[in-house]
Every structure is written in C-alpha cells, then in structure tokens.
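Just so it is clear, the structure is predicted and the values come from calculations on it, not from any experiment. Hydrogens, waters and symmetry mates play no part in the numbers below; they use all other heavy atoms, side chains included. Numbers restart at 1 for each chain; the letters A, B, ... are given by sequence-line order, proteins then strands.
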Amino acid sequence: MMEFGFSISPSSTMNLDKVDFSLYERLCEIEPDAKKCMACGSCSATCTAGQWTGMSVRKVLLDIQRGKEAEAARLLKGCMLCGKCTMVCPRGINTRHLILSLCRIYGEDEK
Amino acid sequence: MIYQGKQKIWSDYQKEIPDNHWFYVRSCIRQSFFPASERYFMKICRDLLGKDIYETEHHTTCGGIAYHSDTIPQETAMTIVARQFALMKEAGYKNLVTSCITSFGNYTEILETWREFPELEARIRENLWKACRREFDKPEYLAHASDLVYKFRHEIASKAKYNLVDHMTGEPLRVVEHIGCHYSKMFPHKGVGGAEYPCVLSGMVDSWGGQVIDYPERRHCCGFGFRQYLVKANRGYSIANTHKKFESMEPYHPDMIITNCPGCPYFLDRWQYVISEMEGKTYGRNGYGIPVFTYEEVAGLVLGFDPWDLGLQLHQVAVEPLLEKMGIPYNPKTKYLGLNGKEIMKPGLPTVLKCC
Amino acid sequence: MKDNIVIVGGGIAGMEAARQLLLLGYKPILVEKSDHLGGHVADWHCLFPDMTPAQQVVKDLTEQIKDANIFLETEVSFINKMKMGYNVMFSNGVNVICKAILLATGFDLFDASKKEEYGYGIYDQVMTNKDLEHWFNTGDDKRITGKDIKKIGFVHCVGSRDVKAGNQQCSKVCCITAIKQAMEMKERFPDAEVYCFYMDLRLFGKKYEDFYIKAQMESGVHFIRGRVSEVSENLQGQVIVKTEDTLSGKPAKITLDLLVLMAGIVCNREAVQTASMVQVPIDSDGFLKSRDNILNIIETDSKGVFLAGTATGAKTIPETAAEARAVALAIHNYLVSQQ
C-alpha cells in the first residue's frame, strides 16, 4: 500500500440506524421517568461536579439515548450524588435515583 | 421515486439558452486534466452542428480558482472577468459560454453582485479602464458549455453511432450524474433543472439511452473543495467526501459517471486509485474502478470519435471495460501513441485498482 | 335587505360566525368556494387535545347554521363600494347589497413540494400531515397500506419559520399536530420507532404539554432537536434523512420507512384577491391586515369589513371559534351603530 501523507478523515455523522437502544430500554424499565427529560439543562447548570468533571445528567441521558454507553459511564464517574439536580428538575425526575439505577445496571454488567 | 415529480420541478427551472453565436472561454485546468474535452466541444458545435462559437487567445483565467482558494479578493476576480467581457464586446458577441463550472459560478456571482450593488460595477469599470483601457458590456446570456450540449442533446442523439446501452443485452447503462457545486447551488435558477434535481446532465443521459441513478449522496461535493484539497493538511477531508459518495453509489453498481465540472471528474477518477491504495477497495466490476467522464467525452463517444482522440487514456480508471460494454472498438496498441504516432509515456500500474 | 351580512368562507370561522349571527337574529349569507363546509377541518380525522372527531365538529356546526343562506361552490366575483355598504356579486350570478362583509377566508396549507430538498412528490415514502389525516380517515394510501412500516419520522416546520420558503411565521399548530400524529401512528404500528425532528417544541395550548409528556412516556416517541436539511431515497425505496442532532452537536442521519412533513399555514392566495376588492391590505407577515393586532384584530380600516380566523394568521380551532364569536358581536354592534 502507498503512503500518501494523509488518510480518509473519519466522519462525525451519527448513524441513528445503528444506535443500540438496549441500555436505554433497561434504564426505562426501572426508571420510566428517564423518558421525560426535555433537555432543559437545569441539572447541568446546577451540578456541583459538572464544571470540574463534565458531569451532566442531561448529557448522560442523551448519550444513553444515542447508544454511547462508555461516554455516559465516563460522565457518571464525576457525580457526587449530592442531589442538587433532583431539586431543580422541572419535570420532577428523581435524577439522583436515576443515577443510582444506572450505576446498578453498569455494576451488573461488570459482574 | 416519482419521475413526474422531477419533471414538474424541471419545468420550473427552464433556462433560456440562445441557439447560436457564443463567445467561448476555456478553463485553466481542463486542458491538462482532460485535454480533448474543450477541443471536442468546439468540434461538435462547429463541425457537426454548424454553430458559431468564437474564442480568442487573449482571454485569461477568470480568477475563480484563486478566488475560491483565498488568494485573491473578489474585486480582483471582477476586474479579470470585466476584461473577458471587454474581449467579448470587441469580438462582437453578446452570449458568453464558459467551459468551467467555477468560472460559470464566478461569472454568475459577479453579475448578481453587480445587479445588487451597481456602484461596485461602476468601480470595476473604472479599474478596467485604468488597468488596460478597455470597456465592457455585460453578456445578454451566460451559459455553461454543458447547458449548450444539453440544448443540443437531441441533435447529438440523432447523429449518434453508439448509445449508452449494453450492446450485448440492450439494457441501458447505469449512469451516475454529478453536477459541479458552483453550477447551481449558489443560484438555483441559473442552472437547468435547479439545484436539488438538476437535469443538465441527466437530460443528456436520458437522450443518449442511459439510465440515471439517483443515489442518496448525489448532491454531495466531489471532494475537491479547493482549500480542502489544495492544502495537504486538509486533504483527508477531500478524499473523505469522495469516499462517502462512492460508498453511497456502490449498491447501485454504476457503469459510469458523467460530470460537468473540471474538478469533479478529476477527483472522482484519481481518488478511486488513492482509496484503493488506502483501503484496498475498488468500486467497479472485477477490481476495476467506475470510469468518470466529462460530458464532452461522453458526447464524443456517443458520436463515434476514437476513444484515444478523446484523451481517455489519460484517465486513471480504465475505460476499456465500458467501451467493450458499449460496443465501441478501440485499439490497445495506439492507446499511448501521441498524435505524431510516437509513444508517449506509459503510466505505472496501481497495486490494487485494476487497469488495462 | 338592510341587515344583509356576507361571510366569505365556510370553514370554522365562517360557520361559527354564522351560527352566532343567527342567534343574534340575523340571516347571514355564507359563500364557500368548495363543495362542502368545514374548510381544512373537514379533511382532518381527530383533533387535539381530546381526540374529538373532526367530522363531528363540522357536522354540529353545519346543523346549527342550516337557516343561513349558504352558497357552496361559489366565489366572490367582485365587490363595489356603495354609499351605505357594499354590492357583492357572486360567481353563481347572485347579487347582494350588504352593510357588513366578513372575510373568513382561512389559509392554504403550504405546498410541501416547494421544499424541494424534502422530495415531496418525488420520493415514494414522503407524505404531508394532511395526507396522513386522509389515511386515518380512509385507510387508503399506497405509502402506508400494506407496507411494513418500522420507522417513521415527522418533520416540523415545513414551510414555517422559513424565509427562503416565503413564510417566516410559526404555524403554531404543527408541533402539537406532529405529536398527535406520532402517537396515533405508534398506536397503529406499536413496533415502529417514531421520530420527531424539531427546532423548538411550541406547545402553548391547553393540555399540549400533557400530550408531549404522554408521547415521551407512553408512546416512546424519539425527539431529535434539529431541522431536517435534506432527504434522499435509497435502493429499497426508504428515505434517508439528514439533520443535526443539535443536542449532541453532531450531524446525524437515519433511514425511515415513512416521512411525514408538517406543512405549515400560509395565507389563502385567493383571499388576497377578495381582500383587495374591499381595500384590505396584506400585513408584513403575509396575512390579511387587521386594524391593529391587540384589541382590533377582527376589524379592518375598511368600514364594515371584518376578519376572523386564520385569514389573519395561524390559529387553533378554539382560537378561531373565539374570534368568530367576537366578530359576530362586532358586526352586530356595527350594524346597530349604523341605524
């Protein structure tokens, strides 16, 4: 093979045909309120850990809806379970409980 | 796909193209990439169709390539274009036809800019006078050479020696048509058929017996993208666009690609070799690529000109399998002979992409 | 007759105004260009927020205005201003002298084929909100009937909030209609994944937000925030949709079996002609111009000429009906003041 000094750039397009919804569906089974998020960003704005670690419940949910499990797990590691996000969620999602449920699913998968 | 729906849109984007008397401006790069295309456009128009197409050795680049590569400001390009208009006026013509899509886009953009900002046109008139003591009239009609071939497509079909069909089975060839971005994406009403479903090339393919493939990424850029290719650090974006198009058209098994831009056939052709070297992948049958043509080359083949006179030996992707499919005779021994019968150099062979 | 009132348009606004004027003791003359009353609502299946059958609404109103003079398949040919009112000539040859004219001329559904990049009328599996309602009503559409529908998309803002398409207004009802139709499709195709492509969800009306939550919680509709940029067709005849998932900040593409375009509300082109006969101009938003847009939206600067419903901009049915009631009272007050 020839060496050209450049290569085909990878595409950033998300192929929604290939999204694996299985984690999202498992989450929704135990936390149906996960479906209620309207991406307002209140949780991220108030998150104690967010500005240092990138943690955002909104982004975690979006990543899981787009099948990006590893990215969601990475964000979740920043959470300190303080519960501020639960206080501000206008849709009344128990985000703290949701995070714990997600951790439980990830924990089960690691076993 | 509902064909009548496209016909409805085409009827909304009809462009007035005068029948005769054109001032022709060539492309900077096409004579190197596709050396016979412009010559055969002239030959077909003048000798076969009896049209008056005039050109002068005094015309220069339109400046479009430099404008799109960020090396000259638009006002410089405008003054260059004003000089071409002056040459047209001096030669007594009112209709301007360009060989290059970026020229066509450049001329169109300038005329539209002047329409909206007449004071800019006045300044360019002054610039031109100061620079070379010339005066210009704006063209009454501006067309791309593919508009003319589109207009004459039925006449060409009536003189055709070969059609875009598999001569063994009678099946129409499956043809991808690729329109240069600067043809109608900036000004949809200036292109035949508009920007979403242009019919300037598909109309030729239809009249010459082929079947147009409408694949998902047909609107996408060929990958040239000026800065994306010209700066080596960006070249990965250039080839990624071409790769995206080929991946999208692959399931349709195209026999050939027809284009109307200087950059598109070059990149769609040459990048097939680079993709084959990088990825080990080819898109044609049996390890060959998909041959890519200018519309003049396709018209030339249909009219029965010798493939090597049309310059097809300068393509990266071998054209021989397609010639055989169309039943066009060719002499492999004369492929690399110049006009004087002397051997021109033979290219090296790629590792993966099969060539003849 | 001295108290003649001409109502142009037999949609919800015209019918409800006629009903109220009858209750006030007038006998309005209602002209409708099509062969039936009810306007666009007559083509609809069920109405948000309570899934009321549209036919029932039209039927109820029709029954209550049977004492009005109703001319179907009739248009206004010309209107001459007279000293005390107007002389109106209809296309059926009837000539009326009246003191008040109500323009309840409604809207045109945006012609979705103008958004060429969405391929309506070109790709097999692209339809409009109206086509889908037609299928709900009749079960007859080759894009759905007998097809294996596994993925459905709804495109918001088709011909709305779109300067290039000639209409920069929000059509107001499309967000809730998309959600309504998405849920209705999910009921009919429980195994299908349903996507809504939106820029904002403008769910302002009574119980609309409840619809949204229900669509998320019960129907599992996927909401993707981003305007669809282009649509193409693949070898299998499915549509490929490109959009940006703006929440992720990345371009996205998806293959769908059916794409429904939420065609927006634009001013009725023929109404512009009629309005010009009574010197009612077009406002900067492309709809008929009211005297002002706060307290006098149903009045015009032309004496005795009134407006109601979507002639002045996109409205829901309850909003249209409320305006129609208000205009009936305004006409009554005007006629009393003229005696």
Working to the nearest 0.5 Å, report the span between CD of C:E230 and CD of B:E217.
6.5 Å

Are more than 12 heavy atoms from other residues, nucleotides or ligands located less than 6.0 Å from atom NZ of B:K190?
no

Given the options B:K6, B:Q4, B:R219, which has more heavy-atom pairs under 4.5 Å with chain C than any of the others?
B:R219

Can you confirm whether more than 12 heavy atoms, excluding those of B:K15, are under 6.0 Å from its NZ atom?
yes

Tell me, for C:K242 versus chain B, whether the close heavy atoms (under 4.5 Å) come from the side chain, the backbone, both or neither.
side chain

What residue in B:P216, B:G5, B:P188, B:G194 has the most heavy-atom pairs under 4.5 Å with chain C?
B:P216

Most heavy-atom pairs under 4.5 Å with chain B, out of C:S113, C:G119, C:G121, belong to C:G121

Under 3.5 Å: donor-acceptor pair, side chain of C:E233, backbone of B:M1
yes

Is it the case that over 12 heavy atoms from other parts of the model lie below 6.0 angstrom from the CZ atom of B:F187?
yes

How long is the span from the OG atom in C:S232 to the CG atom in B:D214, to the nearest 0.5 Å?
8.0 Å

Heavy-atom pairs under 4.5 Å with chain B: which of C:V239, C:N234, C:I240, C:V126 has the most?
C:N234

Counting only heavy atoms from other residues, nucleotides and ligands, does the tally under 6.0 Å from NE2 of C:H134 exceed 12?
no

So for atom CD, which belongs to C:Q168, do other residues, nucleotides or ligands contribute more than 12 heavy atoms lying within a distance under 6.0 Å?
no

